[in-house]
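Take a look at the structure below.
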Amino acid sequence: EQKISAETLEKRRRSNLNGPLELYGMARGKNIIIVQLESVQDFLINLKIDGKPITPNLNKLAESSLYFPNVYTQVGKGNTSDAEFITNTSLYALGDIPMSSAVEGKTVPSLPRALGKLGYHSATFHANGASFWNRKNMYKSLGFDDYYDKQYFGTSDIISYGVSDEVMYQKTAEKLAEFHEKDKKFYADVIALSSHFPYHLPADKKKFAIQLPTRYNQSFIGSYIEAVSYADYAFGKFVSELKKWGLYDDTLLIVYGDHQGVQTKSSKDSELLQEIFGREYQNPLDHLNIPLIIKIPGVTEGKTIETTGGLVDIYPTAANILGLDIKKQMIFGTDLVNTKMNTIGIRFYTPTGTYITDSFHFSPGKTQDEGRVTSLKTRKTVPASPDSLNRMNQMLKYMKQSDRYVESLK
Ligand code: GP9
C-alpha cells in the first residue's frame with residue numbers, strides 16, 4: 001500500500017483547484033467562530049411550511065454568506081464528536097470507533113494548533129460535560145487551549161443533555177467578549193445541543209419555534225422540525241449577542257449541521273417528508289445532506305456554491321479564507337470555494353465504498369454488478385459503470401491513507 005505525504009496531498013489538491021484562488025486571505029487575522037448545529041439537515045434551510053420559514057435566522061445568514069447546499073456528513077460511531085474531529089482535522093473518521101477514543105493520548109495536527117501558532121486562543125463550548133464522548137481527551141489531542149462545558153454553563157433551563165442553546169450562546173458570547181477585551185484573538189468551536197434526539201422541546205420553549213399546522217401533530221418529523229426551529233431561534237439570539245459585544249463584524253463565522261436528524265418512525269412521517277420534498281425522501285442524498293454557511297467579515301453579498309463537499313472539506317475551505325498555510329499538514333479535504341470538482345467518501349451510515357461526486361452518488365453492492373449510480377440532478381438510478389467502480393477503488397485507497405495516518409500519529 002502506497003504511503004502518502006502532505007506534499008502529495010497538497011499537489012493533488014492544487015491540481016484540482018481553479019486558479020487564482022478566490023477569497024484567499026479575506027479573513028486573515030480575524031476571530032473565528034464555528035457553530036456546529038445538532039442534527040440539522042440541509043432541507044430545512046429556506047424551507048417554508050404553509051408559508052412559514054423554519055430557520056429564518058439561518059436563512060438570513062445564508063443570504064449574506066457563502067452557502068453550500070451540497071455538503072454531506074461523514075461521521076462514524078462518534079456522531080457529534082466525530083463531526084468536531086473531522087472539521088478540526090480534515091481527516092476521515094475511522095467509522096467503527098469514535099475518533100475521540102481513537103486519538104486519545106495522541107497529538108493531532110489541527111485547526112486549533114495551526115491557529116495557536118499565530119497567537120490565537122482556542123476554546124470549545126458545549127453544554128454537556130466534557131467527559132461525554134471522551135471529549136476532554138479529544139480536545140487535548142486536538143490542542144484546544146480551553147473547554148467550557150456543563151461546569152461553566154450550569155444546570156438551569158435544561159433541554160436534553162444540558163442548558164438550552166439560548167443560555168449556552170449567551171454565556172459563550174460573554175466569554176468571547178472577555179477574550180476580546182483582553183485583546184486575545186480567538187477561535188471558538190461552539191457545539192449547540194438543543195435540537196438533539198428525541199426532539200422533545202419543553203412547553204415553555206414552543207412559543208419560540210415554528211407553529212406547525214395540525215397535520216404535523218404527534219409526528220416525529222413535526223417534533224424534529226420544531227426542535228430545529230427553536231435551535232434557529234437561539235442561534236439568532238447568538239448573532240444579536242455577537243453584534244451587541246461588537247464581535248460580529250470582526251469574525252469569520254462558520255455554521256454547519258453535524259449529522260442527520262430525521263427518522264421515519266411511521267407512515268405519517270414518510271408522508272410528511274413526501275409532501276416537503278415533492279418526491280420520496282432518499283438516503284444518503286437527502287438524509288446525510290447538511291448545510292454549510294460561511295460568513296466572511298465585511299462581505300455582505302451572498303453566494304451559493306454548488307460544489308459537493310463533506311465535513312472533511314471545512315478546514316481547507318476555512319484555511320483559504322483565513323490565508324492559513326496548511327501545505328505541511330495531512331489534509332484530506334479540499335477548498336470548496338476553489339475546487340474544480342470534488343468527490344467525498346462516506347462510510348458507517350452508508351456501506352463502505354459509498355461516495356458522492358458533483359454529479360452522482362455511488363452506492364456499492366455486495367458484488368461489483370450490484371453497484372448503483374444515482375444522478376444528483378434527476379435522482380434516477382442506473383447500474384454502476386466500470387469507471388465509477390474505479391473511482392470507488394481510488395476513494396477507498398484515499399480513505400485508507402487517512403486511516404493509516406491517524407493510526408500512525410503519536
Ligand atoms: C451530547 C451530544 C450528543 O454531548 O453532543 O451527541 P450525539 O448523540 O448526537 O452524538
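Everything numeric here is computed off the predicted structure, so don't read it as measured data. Atom set for the values below is all heavy atoms of this structure, side chains included, hydrogens, waters and symmetry mates excluded. In each ligand, atom 1 is the first atom listed, and ligand 1 is the first ligand listed.
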Run the numbers for me: atoms of ligand 1, each under 4.0 Å from some heavy atom of [X], listed by number.
X	value
Leu193	1 (C), 2 (C)
Asn128	1 (C), 4 (O)
His126	1 (C), 2 (C), 4 (O), 5 (O)
Trp133	3 (C), 6 (O), 7 (P), 10 (O)
Thr80	5 (O), 6 (O), 7 (P), 9 (O), 10 (O)
His259	9 (O)

Any nitrogen or oxygen of [X] lying under 3.5 Å from a nitrogen or oxygen in ligand 1? Just yes or no.
X	result
Asp258	no
Tyr161	no
Ser81	no

Counting only heavy atoms, which portion of Arg135 has something under 4.0 Å from ligand 1: side chain, backbone, both, or neither?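 Arg135 to ligand 1: side-chain contact only, backbone stays beyond 4.0 Å.
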Anything under 30° is parallel, anything over 60° is perpendicular, the rest tilted; go ahead and classify Tyr281 against Phe43.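 If you compare the ring of Tyr281 with that of Phe43, the planes turn out perpendicular.
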Student check: side-chain heavy atoms of Lys77 and Ile97 closer than 4.5 Å: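 When only atoms from C-beta onward are counted, Ile97 and Lys77 do not touch, as no gap falls below 4.5 Å.
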A side-chain contact here means heavy atoms from C-beta on lying under 4.5 Å apart; do Lys150 and Phe132 qualify?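 The answer is no; the side chains never approach within 4.5 Å.
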Ignoring hydrogens and angles, tell me if any N or O in the side chain of Asp358 forms a donor-acceptor pair with the backbone of Thr308 under 3.5 Å.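 Side chain of Asp358 to backbone of Thr308: a pair is present.
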Any donor and acceptor pair, going by atom type alone, linking the side chain of Tyr398 with main-chain N or O of Phe332 inside 3.5 Å?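 Yes; judged by distance alone, with no hydrogens or angles, the pair exists.
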Please walk me through it: do Asp286 and Arg279 pass salt bridge (charged side-chain N to carboxylate O under 4.0 Å, His left out)? CA-CA 11 Å; Asp286 301 320; Arg279 56 166 170 75; 2.8 Å; yes
Using heavy atoms and a 4.0 Å limit, tell me yes or no: is Phe197 in contact with ligand 1?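 For ligand 1, residue contact (heavy atoms, under 4.0 Å) with Phe197 is absent.
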Nearest-contact summary for atom 3 (C) of ligand 1 - protein heavy atom, Å: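 Sorting protein heavy atoms by distance from atom 3 (C) of ligand 1 puts His196 NE2, 3.4 Å first.
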Shortest protein heavy-atom distance from atom 10 (O) of ligand 1, along with the residue and atom involved: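 That would be Asn79 CB, 2.8 Å.
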Take atom NZ of Lys48 as the centre, draw a 6.0 Å sphere, and report whether it contains more than 12 heavy atoms from other residues, nucleotides or ligands.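 Open: at most 12 neighbouring heavy atoms sit under 6.0 Å from NZ of Lys48.
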Electrostatic pair Lys175-Asp146, nearest N-O below 4.0 angstrom: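 Looking at Lys175 and Asp146, the cut-off is not met.
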Looking only at side chains, do Tyr139 and Glu84 share a donor and an acceptor under 3.5 Å apart?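 Yes, because at least one side-chain N or O of Tyr139 sits under 3.5 Å from a partner of the opposite role on Glu84.
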